[in-house]
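What follows is one structure encoded as structure tokens, with my remarks underneath.
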Amino acid sequence: MKKRNLFFDLDGTIIDSYPGISNSVNYAARKLGSPELPDELLRKFIGPPLVDSFMKYMECDRDKANEYLEAYREYYRVQGIYEFLLFGGIYEAIKTLSKSYSLYVTTSKPKVFTEIILKKAELFNDFCYISGADLEGKHNSKADIVNYVINKFSLKAEECALIGDTGFDGEGAQIAGIDFYAVSYGFGTMEELLSYKPVKIFDTAYAMTKYFEGEKDGN
């Protein structure tokens, strides 16, 4: 069945958020007296819920992870949130696809931060709805965030597609029962993307646009 609704991940799919996230994580590490993390671990913070990542990579319990998260947000709210770049061609892709599809953002980043980012990127008005985590971490799994949109707008799962860059996105799509389309230019590895059997893998935002515009036209 042709797709009518495209669900976009944010970090690694629309924006390169590594500068802001890595600076915020290391700010939290310094504030709580921990060593700064190397690049290979910092990149693993992009995608999953932050509390889970702090527990895993700082080797701490949830209470301590929440302390790291609070410190992280001290930096992120003021500076880190603005330290991002749009991936090449994604601005044009979203502008084009929004004319033919209903677009949604489904991200584990808090909704309030996501809205600020999309407004700065001048993409906020191209999306029907932004579904993100809450600041308390009670609503942050990818499947929960996707299902919230499906239920809120009474969408048919077979008409929805999730576009993301990590296995975390693939897992969320799988649990929610919608098709997964991957982008290879983000932060996930090809191995993890393939493990969730994406319908298609896009190497560029232009290829994504061409594919979905072709599907719209029945090609």
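Note that these values count all heavy atoms, side chains included, but never hydrogens, waters or copies made by symmetry.
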- [ ] Evaluate the ring planes of Phe8 and Phe127, with Trp represented by its six-membered ring, and classify them as parallel (under 30°), tilted (30 to 60°) or perpendicular (over 60°).
- [x] perpendicular

TODO: Find out whether Tyr129 and Val105 are in side-chain contact, i.e. whether some heavy atom of one side chain is under 4.5 Å from a heavy atom of the other.
DONE: no

Task: Those residues that, when tested against Ser108, pass side-chain hydrogen bond (donor to acceptor under 3.5 Å, both in side chains) (two or more places apart) - done: none

Open item on the list: Less than 4.5 Å apart, side chain to side chain, heavy atoms only: is that true for Tyr91 and Ile14?
Closed with: no

- [ ] Taking salt bridge (charged side-chain N to carboxylate O under 4.0 Å, His left out) as the test, write out the residues that go with Glu115, two or more places apart.
- [x] Lys111

Task: Taking every non-hydrogen atom, the tightest pair across Tyr72 and Ala28 - done: N-CB, 3.6 Å

Open item on the list: Within the 4.5 Å heavy-atom criterion, are Glu171 and Ser141 side-chain neighbours or not?
Closed with: no

Open item on the list: Hydrophobic clusters here meaning ILVMFWY residues chained together by side-chain heavy-atom distances under 4.5 Å, can you tell me if Tyr181 and Phe168 are in one?
Closed with: no

TODO: Mind checking side-chain hydrogen bond (donor to acceptor under 3.5 Å, both in side chains) for Tyr68 and listing every partner two or more places apart, or none if nothing turns up?
DONE: Ser34

Task: Inter- and intrachain pairs under ring pair (Phe, Tyr, Trp, His ring centres under 6.0 Å), touching residues 10-37, at least two apart - done: Tyr27-Tyr75

Open item on the list: Can you give me the closest heavy-atom contact between Ala173 and Phe180, atom names plus distance?
Closed with: CB-CB, 3.8 Å

TODO: Take atom CD of Glu40 as the centre, draw a 6.0 Å sphere, and report whether it contains more than 12 heavy atoms from other residues, nucleotides or ligands.
DONE: yes

TODO: Evaluate the criterion side chain to side chain contact (heavy atoms under 4.5 Å, CB included) for residue pair Ile178 and Ile150; output intermediate values, then yes/no.
DONE: CA-CA 10 Å; Ile178 68 174; Ile150 292 173; 3.9 Å; yes

Task: Residue pairs fulfilling salt bridge (charged side-chain N to carboxylate O under 4.0 Å, His left out) with at least one residue in residues 24-39, sequence neighbours excluded - done: Arg30-Glu36, Lys31-Glu74, Asp39-Arg43

Task: All ring-ring contact (aromatic ring centres under 6.0 Å, His included) counterparts of Phe113, not counting sequence neighbours - done: Tyr76

Task: Any side-chain heavy-atom pair of Leu42 and Ile21 under 4.5 Å - done: no

Task: Closest non-hydrogen atom pair between Pro19 and Ser22, with its separation - done: O-OG, 3.2 Å

- [ ] Determine, stepwise, if the pair Tyr185 / Ile90 fulfils side chain to side chain contact (heavy atoms under 4.5 Å, CB included).
- [x] CA-CA 11 Å; Tyr185 57 75; Ile90 196 67; 3.8 Å; yes

Open item on the list: If the condition is salt bridge (charged side-chain N to carboxylate O under 4.0 Å, His left out), which residues does Arg77 pass it with, not counting sequence neighbours?
Closed with: none

Listed pairs under 3.5 Å, donor-acceptor, residues 151-162 side chains, sequence neighbours left out:
{"from": "Asn151", "atom 1": "ND2", "to": "Asn147", "atom 2": "O", "distance (Å)": "3.1"}
{"from": "Glu159", "atom 1": "OE2", "to": "Arg4", "atom 2": "NE", "distance (Å)": "3.3"}

Open item on the list: Going by salt bridge (charged side-chain N to carboxylate O under 4.0 Å, His left out), name the residues that satisfy it together with Lys56, two or more places apart in sequence or in a different chain.
Closed with: none

Task: salt bridge (charged side-chain N to carboxylate O under 4.0 Å, His left out) partners of Lys142, counting only residues at least two apart - done: Asp9, Asp169

Task: Check: Met58 and Leu37 side chains under 4.5 Å, non-hydrogen atoms - done: yes

- [ ] Identify, with sequence neighbours excluded, every residue that meets side-chain hydrogen bond (donor to acceptor under 3.5 Å, both in side chains) alongside Asn5.
- [x] none

Open item on the list: To the nearest 0.5 Å, what is the distance between CZ on Arg73 and CD1 on Ile81?
Closed with: 11.0 Å

TODO: State plainly whether the residues Glu67 and Lys64 are in salt-bridge range, i.e. N to O under 4.0 Å.
DONE: yes

Task: Residue pair Asp52 / Pro49, side-chain heavy-atom distance below 4.5 Å - done: yes

Task: Heavy-atom pair of closest approach, residues Lys3 and Tyr101 - done: O-CE2, 3.0 Å

Open item on the list: Looking at every heavy atom in both Leu103 and Asp126, which two are closest together, and how far apart are they?
Closed with: CB-O, 3.8 Å

TODO: Is it possible for you to say whether Phe124 and Val112 belong to one hydrophobic cluster, with membership spreading through side-chain heavy-atom contacts below 4.5 Å?
DONE: yes

List the atom pairs, with distances to 0.1 Å, where a side-chain N or O of residues 193-207 and a protein N or O form a donor-acceptor pair under 3.5 Å, not counting sequence neighbours.
{"from": "Ser195", "atom 1": "OG", "to": "Glu192", "atom 2": "O", "distance (Å)": "2.6"}
{"from": "Asp203", "atom 1": "OD1", "to": "Ser184", "atom 2": "OG", "distance (Å)": "2.6"}
{"from": "Thr204", "atom 1": "OG1", "to": "Ala207", "atom 2": "N", "distance (Å)": "3.0"}

Open item on the list: Within the structure provided, determine whether Thr13 and Thr107 are in side-chain contact (heavy-atom separation under 4.5 Å).
Closed with: no

Task: Non-hydrogen side-chain atoms of Tyr104 and Leu6 separated by less than 4.5 Å - done: no

Open item on the list: For a quick check under 3.5 Å, do Glu83 and Asn23 share a side-chain donor-acceptor pair by atom type?
Closed with: yes

Open item on the list: Looking at every heavy atom in both Ser131 and Ile145, which two are closest together, and how far apart are they?
Closed with: OG-O, 2.9 Å

Task: Nearest-0.5 Å distance, OG1 of residue Thr96 to NZ of residue Lys210 - done: 14.0 Å

Open item on the list: Applying a strict under-4.5 Å side-chain criterion to I, L, V, M, F, W and Y, I'd like to know whether Phe45 and Leu85 cluster together.
Closed with: no

